[in-house]
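Read the structure below first, then the notes.
A note on names: the letters A, B, ... follow the listed sequences, proteins ahead of strands, and every chain is numbered from 1.
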Number of protein chains: 2
Amino acid sequence: MNKPTVHDIAKEAGVSLATVDRVLNARPGVRDKTIAKVQAAVERLGYVRDTYAANLARQRQYRFAFLLPEGPSQFSDTLKLALQEAYSSHVADRTLLKIVPVASHDPHAIVRTLQGLNVAQLDGVALMVPETPQVRDAVARLKAAGLAVVALVSDLPNSQRDHFIGINSVAAGRTAGLLMGRFVKGSGEILVVTNSMRSRDSLERRLGFDAVISSDFKNLTALPSIESYDDPVRMDQIVAQVVAARPRLAGVYSMGGGNTTMLNALRRSGRLDEIAVIAHELTPSTRQALEANEVAAVITQNVGHLVRSALRVLRNLCDQAPIFESQERIRIEIVVRENLP
Amino acid sequence: MNKPTVHDIAKEAGVSLATVDRVLNARPGVRDKTIAKVQAAVERLGYVRDTYAANLARQRQYRFAFLLPEGPSQFSDTLKLALQEAYSSHVADRTLLKIVPVASHDPHAIVRTLQGLNVAQLDGVALMVPETPQVRDAVARLKAAGLAVVALVSDLPNSQRDHFIGINSVAAGRTAGLLMGRFVKGSGEILVVTNSMRSRDSLERRLGFDAVISSDFKNLTALPSIESYDDPVRMDQIVAQVVAARPRLAGVYSMGGGNTTMLNALRRSGRLDEIAVIAHELTPSTRQALEANEVAAVITQNVGHLVRSALRVLRNLCDQAPIFESQERIRIEIVVRENLP
DNA sequence: GCGTAGATGAGGAACGTACATCATTTCAAG
DNA sequence: CTTGAAATGATGTACGTTCCTCATCTACGC
C-alpha cells in the first residue's frame with residue numbers, strides 16, 4: 001500500500017477534505033466529535049503529513065538569524081564556514097539565513113543587537129552569547145514575539161530558550177580531566193587557562209575537570225585558573241611565567257580560546273614534550289598542534305552537526321513538529337593525532 | 001529576490017518551459033546551442049531544482065535494501081535499531097527500506113542472498129559484508145542492473161561500489177595504538193584479539209595499531225593476534241590463558257566482537273585494574289564496561305550517522321546529485337567514561 | 001416553524017516540477 | 001522550393017498539501 005494522503009483520511013473518517021484540512025491545521029469551526037473522528041482515521045491509517053508538499057503549498061520560508069561573536073576567533077570562523085556550507089547545500093532549503101555579528105564581551109551591546117532584531121521578519125533565532133539577566137529578558141521578548149529561540153554552543157538555561165544545541169560543559173571538563181589523568185605519567189601540576197572565568201562554559205568545564213582530577217587522579221594538582229581576558233600578551237606572559245616557576249608542571253588544560261598564543265609560549269619554553277596539553281575546539285591551530293604531537297587531545301564539537309542541528313531544530317520548532325533528540329544530541333568529540341577528520 | 005524557478009529560466013533563456021524541462025532532465029531533442037543557452041541561464045540565475053517538488057511530481061519512491069549480518073551481534077542490533085529510527089523519522093521520506101539478514105561468515109550464502117535480490121524492485125543496496133571475489137562479482141551485477149551500491153562499515157574497495165560509508169580501519173587502528181601508548185604507564189605487552197584476521201577490518205586495524213606502537217611506543221610489545229572465530233568458549237580460553245601466562249600484560253586491544261566474553265574473562269583474572277582495555281564499537285556491554293572503568297576507551301562510529309549517511313548517499317546516487325563529502329565523512333569517535341553519549 | 005450561527009461539504013487555484021501530447025517552427029537535404 | 005525530420009512551443013494534468021470561497025446542512029433557541 002502507498003502512503004495515505006489527506007484524501008484517504010477524508011474517506012476513512014467519512015468527512016470532506018476541507019474538514020480534514022481544518023483538523024490537521026487546527027483551524028476553528030470543527031466539532032470535537034468530528035475532530036476525534038479525523039484523528040482516529042489518522043491513527044488507523046498511520047498518516048503522516050508530507051512536509052515538503054505542505055511547504056510547497058504554503059510557500060513556507062524559514063527566516064532565521066544567527067547571532068555569533070564578532071571579531072577574530074578561529075572557532076566562530078569555522079562556525080560561520082559551516083553555516084555557509086549548510087546554506088549552500090539542500091539542508092537549508094526554503095531557509096533564509098542572516099548572520100548577525102555581536103560584540104559578545106559587552107552585555108549592553110548584546111542586548112542592543114538583540115533588541116535591534118526585526119522580529120516581524122524572523123521566524124527563529126540562534127544565539128551564541130553569554131547568559132546575563134539582560135539576555136534573559138531579551139530572549140523573553142523574542143519568545144513573546146512568537147519566535148523560535150535556540151542557544152548555540154553556550155546554553156542559556158534560565159532563559160525561555162526552546163532548545164540548547166551544544167555539548168554539556170561539565171561533561172566536557174570531566175572528559176578533559178579523565179584524559180589528563182590518563183595521559184600524565186607520575187605526579188605533577190596542571191595549569192588551567194581560559195579567557196575568562198566569568199563565562200559559564202569555563203566555570204562548568206573547570207568544575208568537571210576538578211571533580212575528576214580530585215576523585216580519580218590524586219597524583220595531580222590542578223592549579224587555580226588563570227584568565228587571559230582575550231589578551232594575547234597576557235596569555236603569553238601567564239604561560240611563560242608558570243612554566244618557568246613550576247618545574248613539576250605536567251599538563252596544561254586550555255578551556256577557552258587563545259590556543260595559538262598559549263602554544264607558542266609553551267614551544268618557546270622547550271618543555272612541550274614533557275607537558276600534556278589538552279585544549280578545546282578543533283581549529284587550524286589546534287589541528288596543526290595535534291599533527292605535530294604538541295597537543296595530546298582536543299575536546300571538540302562537530303560544527304557541521306552543530307549548525308545542521310540548529311537549523312533542523314529551528315525548523316521543527318516553527319512547524320511545531322517533534323524533535324528527534326537522539327539525532328540532535330551533539331557529541332563530545334575527542335580528537336587525537338590519529339583520528340583527525 | 002525569491003528562488004528562481006523553471007519558469008524564470010525559460011524566460012531568461014528565451015525558450016519555452018518544455019525546452020527547459022528537456023534540458024534539465026537530459027531528454028533528447030534539443031540542439032546543443034539551445035542546451036547551452038539554458039545552462040547559461042541556470043548559471044546566471046543560480047537556479048537549483050527543488051528536489052522535493054520534483055519528487056512530488058514524479059512520485060519518486062526510493063527502494064533500498066540493507067544487507068546486514070544475521071545472528072546475535074550487539075553491533076548489528078544497534079545498527080538495525082538506528083535504521084528503524086531513521087525510517088520512522090522524516091529522514092526516510094519517500095523511502096522503502098528492506099533489511100535483509102545475511103550469513104556474513106559464509107561467502108556462498110552471501111552471494112546467494114545477493115543473487116536472490118530482486119533488482120527490478122530496488123533502486124539501491126547497502127552492503128555490510130566481507131569482500132570476496134564472489135561478492136565483487138555480485139556487486140558488478142547489481143551495478144549492471146543500474147542500482148546504487150554502497151559499502152557499509154566494511155569497505156569493498158576493489159568492487160564497483162559507488163561509495164563507502166564507514167571509517168578508515170587503518171586510522172581506527174592507529175587511534176587505538178596511540179591511546180594504548182598514552183594510557184599504559186611503563187612497559188609491557190599488549191594482547192590483540194579479534195574474531196578473525198581474515199576480515200579486512202581486523203587486518204587493517206592491526207596494521208594501523210602496530211605502526212603506531214612500533215614507531216612511537218617502543219616500551220610496548222604487541223603480541224601476535226589471536227582469533228576467537230566467533231566462539232565464546234575459545235575467546236574465554238584465549239584471554240584466560242594469556243593473562244595467566246604473561247605477568248607483564250599491560251593492555252588488551254579487542255579489534256572485533258565478543259567483548260562481553262573477553263571482559264568476563266578479564267574480570268575473573270582479577271587483573272582488570274592494571275590492564276588498559278581498548279575495544280571497538282559502542283554496544284551495551286562496552287558501554288557498561290566504560291561506566292565501570294573496566295574499559296579505558298572505545299573506538300566507535302556513530303551508527304545513527306552511519307545509516308542516515310547511507311540513506312542520503314543512496315538517494316543522491318539515485319538522483320545523480322552531488323554528495324557532500326564533508327557531511328558524509330563518518331568520524332572515528334573515541335568514547336571514554338566521561339563522554340558517553 | 002423560523003431564523004441563525006456554527007459545522008461541514010464541494011470545488012478550485014496555487015506551489016514547483018515532471019511528463020505527455022500535439023502543434024508549430026526551423027533547417028538542411030533533395 | 002518542397003519535403004521531412006528534428007527542434008521547439010503551447011498546453012494540460014498530476015503529485016500532496018494549503019487555503020480560499022461559496023453553498024448546504026444541522027441543531028438550537030425562540
Can a side chain N or O of [X] be found less than 4.0 Å away from OP1 or OP2 on [N]?
X	N	result
B/R31	D/dA6	no
B/T5	C/dG16	no
A/R58	C/dC15	no
A/Y47	D/dT17	yes
B/T19	D/dT8	no

Let me know the distance between [atom1] of [X] and [atom2] of [N], rounded to the nearest Å.
X	N	atom1	atom2	value
A/R94	C/dT17	CZ	C1'	11 Å
B/D50	C/dA14	CG	C1'	14 Å
A/K33	D/dT26	NZ	P	12 Å
B/I9	C/dT17	CD1	C1'	13 Å
A/I35	C/dT8	CD1	C1'	13 Å

>> Of the listed nucleotides (D/dT18, C/dG16, D/dG16), which one gets closest to any side-chain atom of A/A53?
In response: D/dG16
>> Can you identify which nucleotide, out of C/dC15, D/dT17, C/dA18, has its nearest atom closest to the A/V6 side chain?
In response: D/dT17
> At under 4.0 Å between heavy atoms, what does B/A18 touch on the DNA or RNA strands: base, sugar-phosphate, or nothing?
Replying inline: base
>> Regarding A/D21, tell me which of base, sugar-phosphate or nothing describes its non-hydrogen contacts under 4.0 Å with the strands shown.
In response: base
> Is atom NZ of B/K11 surrounded by more than 12 heavy atoms (other residues, nucleotides or ligands) closer than 6.0 Å?
Replying inline: no
>> Under the criterion salt bridge (charged side-chain N to carboxylate O under 4.0 Å, His left out), I'd like the reasoning laid out for A/D50 against B/R94: C-alpha separation, chi angles, the key distance, then a yes or no.
In response: CA-CA 9 Å; A/D50 183 328; B/R94 289 183 204 289; 2.4 Å; yes
>> For the residue pair A/E333 / A/T300, report whether a side-chain donor-acceptor contact shorter than 3.5 Å exists.
In response: no
> Side-chain donor-acceptor pair under 3.5 Å between B/R49 and B/N25, yes or no?
Replying inline: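 Side-chain D/A pair, B/R49 to B/N25: present.
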> Is the base of C/dG9 touched by the side chain of A/R22 through a donor-acceptor pair closer than 3.5 angstrom?
Replying inline: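 Checked by distance alone, the answer is yes.
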>> Heavy-atom nearest nucleotide on DNA chain D for B/G14 versus A/R49: which residue maps closer to 5'?
In response: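 Its nearest nucleotide lies further toward 5', so the answer is B/G14.
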>> For A/K143, is there an ion pair with A/D162 - N to carboxylate O distance below 4.0 angstrom?
In response: yes
> 5'-most contact on DNA chain C: A/A57 or B/R27, nearest heavy atom basis?
Replying inline: A/A57
>> Taking the nucleotide of DNA chain C with the nearest heavy atom to each, does A/Q59 or B/N55 sit closer to the 5' end?
In response: A/Q59
